[in-house]
Amino acid sequence: MAISGPHSSGGGGGVFADINITPLTDIFLVLLIIFMVTTSVTIESAAHVDLPNATNTAPENKGVIVTYTAQHELFVNSKDVPERELRSSLGEALSKVDQKIVVFQGDRKVLLGDMVRILNIAKAAGAEQIAIAAKRVTGAQLANSSGGGG
């Protein structure tokens with residue numbers, strides 16, 4: 001059975017065989033851009049921690065950094081670690097550094113009980129000193145953040 005085209009001499013209507021894929025390509029490109037943007041946003045915000053403010057902060061110590069996010073995610077030196085493996089990961093990381101210091105970076109929304117539990121695990125893993133990370137704030141910034149509320 002032959003398909004008659006627009007230039008065939010046979011009578012009757014022909015079948016239009018060309019498909020315009022330009023709109024389909026546009027849709028795929030838009031979807032690709034959307035997925036690329038959302039993926040970069042989720043990766044970037046994975047370990048965001050809103051540190052508490054402090055006026056007297058010492059320079060960063062060398063040691064192991066434990067980060068605990070508001071979403072209850074734990075990171076040891078920026079490596080995602082489940083809580084059941086925290087002690088072994090901390091012990092391994094502390095064995096690689098000279099100073100046995102654990103710096104805790106906790107979000108402001110972290111409960112005190114969670115912080116105490118994580119710091120107890122750090123002590124059990126061999127930490128000799130524990131520090132709590134804070135953002136350095138000047139006196140003017142501290143006055144602006146604490147005063148003038150309604």
Side-chain angles (χ1 to χ4, degrees), residues 1-54 57 59-97 99 101-122 124-125 127 130-138 140-150:
M1 181 167 174
I3 298 176
S4 57
H7 298 292
S8 66
S9 60
V15 176
F16 186 73
D18 292 331
I19 298 174
N20 187 5
I21 62 166
T22 304
L24 183 65
T25 306
D26 291 342
I27 290 172
F28 281 134
L29 288 175
V30 168
L31 286 174
L32 177 67
I33 291 170
I34 290 171
F35 286 131
M36 287 171 45
V37 168
T38 56
T39 302
S40 67
V41 167
T42 56
I43 290 172
E44 183 179 313
S45 66
H48 173 72
V49 176
D50 188 17
L51 294 175
N53 296 329
T57 57
E60 290 203 20
N61 297 318
K62 300 217 187 289
V64 179
I65 298 174
V66 176
T67 306
Y68 190 64
T69 66
Q71 292 78 26
H72 306 291
E73 297 171 321
L74 276 167
F75 297 89
V76 175
N77 287 337
S78 300
K79 179 183 168 198
D80 193 8
V81 175
E83 188 172 345
R84 66 183 178 279
E85 298 174 12
L86 178 62
R87 184 173 178 176
S88 61
S89 295
L90 269 173
E92 181 182 325
L94 283 168
S95 67
K96 295 178 183 176
V97 295
Q99 297 179 356
I101 298 174
V102 171
V103 179
F104 180 78
Q105 289 183 339
D107 197 281
R108 289 183 197 199
K109 297 174 185 162
V110 170
L111 298 174
L112 181 62
D114 292 340
M115 183 182 86
V116 170
R117 186 181 73 248
I118 292 168
L119 295 181
N120 280 337
I121 293 171
I130 294 176
I132 297 176
K135 279 192 273 186
R136 184 180 304 259
V137 177
T138 63
Q141 290 172 329
L142 190 60
N144 287 340
S145 66
S146 63

Inset, instruction - Kindly give the heavy-atom pair with the smallest separation between L94 and A125, and that separation in Å. - result: CD1-O, 3.9 Å
Side-chain atoms of residues 78-86: list all donor-acceptor pairs with protein atoms under 3.5 Å, sequence neighbours left out, distances to 0.1 Å.
from	atom 1	to	atom 2	distance (Å)
E83	OE1	R117	NH2	3.3
E83	OE2	R117	NE	2.6
E83	OE2	R117	NH2	3.1

Legend entry - From CD (E73) to OH (Y68), nearest 0.5 Å: 9.5 Å
Legend entry - Approximate separation, where rounding is to 0.5 Å, of F104 CZ and T67 OG1: 8.5 Å
Do any side-chain atoms of residues 21-33 form donor-acceptor pairs under 3.5 angstrom with protein atoms, and if so which ones, sequence neighbours left out?
from	atom 1	to	atom 2	distance (Å)
T22	OG1	N20	OD1	3.1
T25	OG1	I21	O	2.9

Inset, instruction - Sequence neighbours left out, what passes side-chain contact (heavy atoms from CB on, under 4.5 Å) with N120? Give chain and number order. - result: V116
Legend entry - Minimum-distance pair of heavy atoms, taken over all atoms of N77 and A93: ND2-CB, 4.2 Å
Legend entry - Residue pair A122 / L90: nearest heavy atoms and the distance that separates them: CA-CD1, 3.6 Å
